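Accompanying notes for the structure given below.
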Amino acid sequence: MIVLVILFSVVAFALASPIAPEARASHELPTPVSAATAMTYLASLTVGVDDNVPAYNRSRFKHWHIVSGTCDTRKTVLKRDGTDVVVDAACKPTSGNWVSPYDDVTTTVASQFDIDHIVPLKEAWVSGARLWTDAKREAFANDLTLPQLVAVSARSNRSKGDKDPALWVPPSASYLCTYIRAWVEIKYKYHLAVDATEKTVLTDYLAACSVEEVDS
Ligand SMILES: *[C@@H]1O[C@H](CO)[C@@H](O)[C@H](O)[C@H]1NC(C)=O
Ligand SMILES: *[C@@H]1O[C@H](CO)[C@@H](O)[C@H](O)[C@H]1NC(C)=O
């Protein structure tokens, strides 16, 4: 089953190339490293087996915290990722436009969007974060400096769940390389492990994304 999903994803990806240039540069997460750099990062990651002992506990990743004034991490990402965003005194968006890069769903109602952790909190836990301090987990869960947080449709966040790229990638082909490069950069910067299947899939995607970079 996993193999089928991988095959399908790789084939779908190949058919969808070449990928349209990103049109959202000023309203999105920090630009991830190139596919070529991500390849070198991926090669250095520890390959391990996901370990859920002690069992994942979402409360061990404190979020959201205050970033500035009344703006917590969630509201800060909503302001960053939307256009014409107006917020009230509590930093709550009262109007604006958002496009979910995962599935191109649009909204003018911020509450319909989730802030997704590109590397999910549970994925981080089983690949190393269970051994961190609570302070480091809080930094991870609220990290605005790496390409880790993105405002997306609630539907796409829920279909993703805790899945890694062997089981789920964004349905929007134009966002696939950004997503994979971000995934690898986060794993690398936080010294998180990858499992063997995940590494194979990431390698295949990055190879295709590198071709794209050379072509463009
Ligand atoms: C999860 O972590 C929180 C915060 O540390 C703690 O209060 C809670 O008891 C934990 N839940 C379980 C089921 O261990
Ligand atoms: C996004 O998905 C994750 C993983 O299923 C879930 O834990 C989280 O609650 C979702 N985010 C929101 C804001 O619903």
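Below, all heavy atoms of this structure are taken into account, side chains as well, without hydrogens, waters or symmetry copies. First listed ligand is number 1; within each ligand, the first listed atom is number 1. Since we're looking at a predicted model, the values are computed, not measured.
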F61: ring pair (Phe, Tyr, Trp, His ring centres under 6.0 Å) partners, not counting sequence neighbours
none
So K163 and E198, salt bridge (Lys or Arg N to Asp or Glu O under 4.0 Å) or not? Walk me through it.
CA-CA 10 Å; K163 299 183 189 86; E198 177 189 356; over 6 Å; no
Using heavy atoms and a strict 4.0 Å limit, residues surrounding ligand 1 turn out to be N57, S59, R60
Using a strict threshold of under 4.0 Å (side-chain N to carboxylate O), is an ion pair present between D143 and K189?
no
Do the charged groups of E138 and R60 touch, with an N to O distance under 4.0 Å?
no
State yes or no: are the ring centers of Y179 and Y102 separated by less than 6.0 Å?
yes
Which one of I186, L146, V184 satisfies the side chain to side chain contact (heavy atoms under 4.5 Å, CB included) criterion with V119?
I186
